[in-house]
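Residue numbers count from 1 along this sequence.
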Amino acid sequence: MTTSIPSPRPVRESITYILCATVASTLVASPMLLGWFTGELSGLLIPVAQLTPFAVGLIFFLFWRPASFAKVFALRWNGTWWGLLVGFSAVIAISAVQLLVVSSSVGNRARWTRSWLRSSR
């Protein structure tokens, strides 16, 4: 049995992608972090900053085309219901935790506001 050493090309491509996506996100987000924009404009630029890694991925796909679009961006359905169940369960669990955190902070804020209003009378 022989083992082959993997090609360094995928590692290089991955490192290049991570660096390019990080630089692009930093460039888009830096004016907001430095306070050059108002809150309204920052609210519009946040989705752009979140989509920069995908945009970099599309640019890499257009220049390198290592495989089909569906394979590169993992858009295939392999018919594994177990994977689908695990993915949806993870999303539901994370959403439930976020809902609990937000509802407890809102409840604490409401209690604090009521006690402050009573004490200010």
Side-chain angles (χ1 to χ4, degrees):
M1 184 168 142
T2 61
T3 58
S4 61
I5 298 173
S7 169
R9 183 173 181 212
V11 174
R12 245 183 292 141
E13 288 176 0
S14 298
I15 292 172
T16 306
Y17 167 75
I18 290 171
L19 290 175
C20 289
T22 303
V23 167
S25 295
T26 303
L27 287 175
V28 171
S30 62
M32 293 177 285
L33 296 172
L34 296 173
W36 294 347
F37 293 137
T38 61
E40 294 84 17
L41 192 56
S42 294
L44 293 174
L45 288 177
I46 287 173
V48 176
Q50 291 173 337
L51 287 173
T52 52
F54 180 65
V56 170
L58 285 177
I59 292 168
F60 273 43
F61 174 74
L62 291 175
F63 282 110
W64 282 338
R65 288 197 195 268
S68 68
F69 185 82
K71 189 172 183 179
V72 169
F73 289 98
L75 298 176
R76 289 188 181 186
W77 168 255
N78 290 332
T80 57
W81 289 102
W82 178 250
L84 187 68
L85 178 67
V86 169
F88 276 128
S89 299
V91 169
I92 290 170
I94 291 169
S95 300
V97 168
Q98 288 178 341
L99 180 65
L100 288 173
V101 168
V102 167
S103 63
S104 68
S105 69
V106 168
N108 288 339
R109 187 172 295 160
R111 274 185 247 119
W112 180 84
T113 304
R114 273 187 255 129
S115 66
W116 181 78
L117 286 174
R118 286 185 203 138
S119 66
S120 65
R121 290 182 191 178

Open item on the list: Check for me, please, whether F54 and F61 land in the same ILVMFWY cluster - side-chain distances under 4.5 Å, paths through other members count.
Closed with: yes
- [ ] Kindly compute the distance separating CG (L27) from OG1 (T22), expressed to the nearest 0.5 Å.
- [x] 11.0 Å
Task: Reference residue Q98; test side-chain contact (heavy atoms from CB on, under 4.5 Å); the match among I94, L100, V101 - done: I94
Open item on the list: Within the 4.5 Å heavy-atom criterion, are S30 and W36 side-chain neighbours or not?
Closed with: no
Open item on the list: Looking at every heavy atom in both Y17 and P53, which two are closest together, and how far apart are they?
Closed with: OH-O, 3.0 Å
Task: Distance, nearest 0.5 Å, that separates OG of S89 from CH2 of W82 - done: 8.0 Å
Open item on the list: Is there a path of hydrophobic side-chain contacts, each under 4.5 Å between heavy atoms of I/L/V/M/F/W/Y residues, joining L45 to L33?
Closed with: no
Open item on the list: Rounded at 0.5 Å granularity, tell me how far CH2 in W81 sits from CZ in F88.
Closed with: 9.0 Å
Open item on the list: So, taking the atom named CG in L99 and the one named CD1 in I92, what distance separates them when rounded to the nearest 0.5 Å?
Closed with: 13.0 Å
TODO: Quick one: closest heavy-atom pair of T16 and R12, and the distance?
DONE: OG1-O, 2.7 Å
